Amino acid sequence: MLVADKRLSADYSDSYVRINERNGHVQLKTGNEQQLQRSKEQHGQTNSFSKFPLNSGDGQRKILLDCGGNIASTVELFRETYPGGRDFIIHSFEIDSRLAPYFNPFPNHHLHCPVGVAAKDGSMTAFTEAAWSPTRAKNNGKDMQWGGGTLFVSQDEAQNTDTGGKRLLNVRPTIPVVDLSLWIQNHTTKEDYVILKLDVEGAEYDILKKMLADGTFGWIDKYYGEFHHAQPVEGWTVEEKHQLANVQLKEHGQNMLDWQGESRNYADFVQMHPVRVPLKSPGIPGGVYDNCGKTTKIALAFAVGMNAKRARKVVNTISAYRQHLPVTLFIYGDYAELFPEDVKQWKTKFNIGIREDGSYPNDHFSKLPANWVRESLVSAEVRLQELGIQPEYYLPVQLTKTVINEAQKRGFRLVSPTYEFPPKTGMTLEDGNYYKYRDVERIPKALRIIYESLITQSHGGFLIFDTDIPDTRMNIVFLLDYLVENSGYKLVSIANCVESSLESKHAVEEKAPEPVLL
């Protein structure tokens with residue numbers, strides 16, 4: 001039940017926010033400034049504190065209101081995949097103080113925790129989980145750590161203070177809540193572009209009713225959320241909940257789009273990410289190519305790893321080679337985000353292909369569900385698009401049906417190495433045959449391994465080096481000299497190699513797989 005509290009108002013009177021000077025992150029802290037200062041000294045913090053600012057009115061801003069922040073799954077998905085998502089100011093409201101650390105990595109983000117959203121200012125009891133333990137019972141019949149909590153519970157749950165009932169909600173602090181409708185009007189303008197995500201375990205009914213009465217949807221440009229019709233909410237019958245969701249909102253021209261951060265999906269994900277790979281690009285979307293057909297062509301490429309120092313050494317070495325070569329650099333989305341100047345410089349001399357959003361240990365990526373693979377590919381593509389690059393060819397860390405299917409939806413053509421260094425099959429590099437030798441002895445051994453792979457295949461293909469391996473830089477000039485002067489192979493672009501593969505009808509998959517319906 002909501003209790004009026006004169007100390008609380010829309011601008012958090014007598015409450016303060018923590019502003020992280022590194023990334024603009026803020027966290028609501030209730031209490032007086034002396035208490036906050038003592039807390040800072042105890043924890044060695046150097047952050048400053050200030051009143052939460054009202055809307056500045058300085059032109060249009062892009063704002064996401066993340067109501068029901070949980071473990072920052074919405075912030076993560078939005079930042080990684082939403083077009084222009086890194087430009088948004090994000091406000092997250094979360095009632096479970098245990099979850100606050102999850103938001104700390106994100107810049108340009110404001111965390112209000114523990115703070116709930118409601119239809120009026122005041123304070124309420126938050127029903128949340130205790131810490132996990134091996135003997136913990138199941139949550140509503142499922143083995144899960146829900147995170148977050150709710151402001152509304154059934155009578156049985158409210159009375160069960162020991163275990164917290166079927167959802168195990170036995171941690172029950174009293175927290176401040178804010179009138180979300182009033183907060184929106186006080187902290188944004190109609191000129192701002194505001195996205196509202198409202199997933200608050202039943203509190204949405206009172207909030208939406210007040211927003212409609214106040215005309216607050218005039219401040220909202222897009223509305224994502226989730227309804228919880230089965231959630232017990234004081235003052236609402238199931239029929240009234242359906243009436244609000246299915247009739248009243250629509251009568252006011254509002255359409256809620258589903259948002260499922262924990263499932264890596266939002267209702268208009270596909271519409272927000274149309275395929276941008278040109279249809280004229282050689283190859284078939286979702287096609288897997290591992291050779292240049294029955295030709296003597298070699299497409300040379302580099303799998304750029306996350307070790308920027310080694311990557312720069314390799315690429316700078318190639319750049320200084322005595323003649324320009326049609327080389328492709330396959331780049332992670334995270335590398336493009338962290339080192340954009342590298343990528344912008346490289347794109348002027350080399351073709352840029354795409355890898356995943358970042359590196360994955362062992363065969364982890366191949367085990368991910370489709371939405372997680374999709375998020376990885378879209379995140380990487382968006383990072384490259386932000387640098388003016390539209391990738392066409394994808395070098396997957398592993399080939400699976402899920403990976404192929406998700407790549408096909410993005411329009412990517414997949415490249416599977418014909419030969420690679422270091423080799424993962426055949427004659428691999430071991431201490432006895434390679435690493436125990438000096439550099440001058442390892443170089444010819446590496447070149448011979450590549451040579452023997454080429455003659456064994458007896459046709460051209462994709463030769464791909466890993467920049468994270470220090471020996472890649474050591475071997476590369478000697479390899480280029482061999483390929484240019486003595487190999488008998490012609491160095492071509494990835495696109496040229498794919499065209500030859502299609503002409504020779506030796507693509508591993510000449511027909512793209514049927515897309516899986518979302």
Side-chain angles (χ1 to χ4, degrees), residues 70-83 85-86 102 105-106 142-147 258-277 285-290 303-307 330-338 353-385 391-417 420 424-425 464 466 468 508-509 512-518:
N70 203 270
I71 61 170
S73 54
T74 287
V75 180
E76 174 88 15
L77 180 63
F78 193 86
R79 286 280 194 244
E80 291 297 322
T81 68
Y82 202 85
R86 293 202 297 164
Y102 283 106
F106 299 99
K142 296 181 180 180
D143 185 15
M144 65 177 181
Q145 191 72 16
W146 191 25
D258 189 56
W259 184 283
Q260 295 286 343
E262 69 277 13
S263 300
R264 307 298 197 272
N265 190 39
Y266 40 93
D268 56 348
F269 193 106
V270 175
Q271 293 90 324
M272 296 297 291
H273 299 283
V275 174
R276 300 192 185 280
V277 177
V288 182
Y289 302 92
D290 71 347
V304 176
M306 290 304 297
N307 189 315
F330 287 100
I331 295 175
Y332 287 125
D334 286 352
Y335 193 101
E337 178 178 348
L338 294 172
I354 190 172
R355 303 185 78 180
E356 293 76 27
D357 60 324
S359 61
Y360 290 81
N362 301 323
D363 60 347
H364 180 76
F365 190 73
S366 66
K367 300 174 182 177
L368 293 178
N371 281 0
W372 277 252
V373 173
R374 179 181 69 172
E375 178 186 19
S376 175
L377 294 182
V378 169
S379 173
E381 184 178 15
V382 170
R383 299 292 83 77
L384 290 173
Q385 288 171 343
E392 302 170 354
Y393 297 98
Y394 166 41
L395 178 67
V397 63
Q398 283 115 16
L399 274 174
T400 66
K401 289 182 179 179
T402 298
V403 170
I404 293 170
N405 187 64
E406 293 304 318
Q408 185 263 340
K409 293 176 184 177
R410 304 303 316 141
F412 297 139
R413 288 78 166 140
L414 295 91
V415 172
S416 180
E420 56 188 327
K424 296 177 182 177
T425 60
I464 298 179
D466 188 337
D468 272 350
V508 174
E509 294 186 12
E514 292 296 324
V516 176
L517 296 177
L518 296 175

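Given the structure is predicted, the values throughout are model-derived calculations rather than measurements.
Atoms CG and CD, from N371 and E375 in turn, are 9.0 Å apart once rounded to the nearest 0.5 Å. Once rounded to the nearest 0.5 Å, the distance linking OH of Y394 with CG of L377 reads 4.5 Å. Remark: N265 CG to W259 CH2 distance equals 9.0 Å, nearest 0.5 Å. Interatomic distance, Q398 CD to H364 NE2, rounded to the nearest 0.5 Å: 10.0 Å. Atoms CD and CG, from E356 and L395 in turn, are 7.5 Å apart once rounded to the nearest 0.5 Å. Taken to the nearest 0.5 Å, the CD atom of E80 stands 12.0 Å off from the CZ atom of F78.
Every ring-ring contact (aromatic ring centres under 6.0 Å, His included) that Y335 has, sequence neighbours left out, goes to F339, W346. T81 meets the side-chain hydrogen bond (donor to acceptor under 3.5 Å, both in side chains) test with Y266; sequence neighbours excluded.
Side-chain contact between E392 and I354 is absent, with no heavy atoms from C-beta onward closer than 4.5 Å. Residues Y360 and L368 form a side-chain contact, since some pair of their non-hydrogen atoms from C-beta on lies under 4.5 Å apart.
The cationic group of R355 lies under 6.0 Å from the six-membered ring centre of Y332 and within 45° of the ring axis, placing it in a cation-pi geometry. Figure legend: R413 and Y289 shown without cation-pi pairing, the cationic atom not lying both under 6.0 angstrom from the six-membered ring centre and within 45 degrees of its axis.
D290 and S416 share no side-chain donor-acceptor pair at under 3.5 Å.
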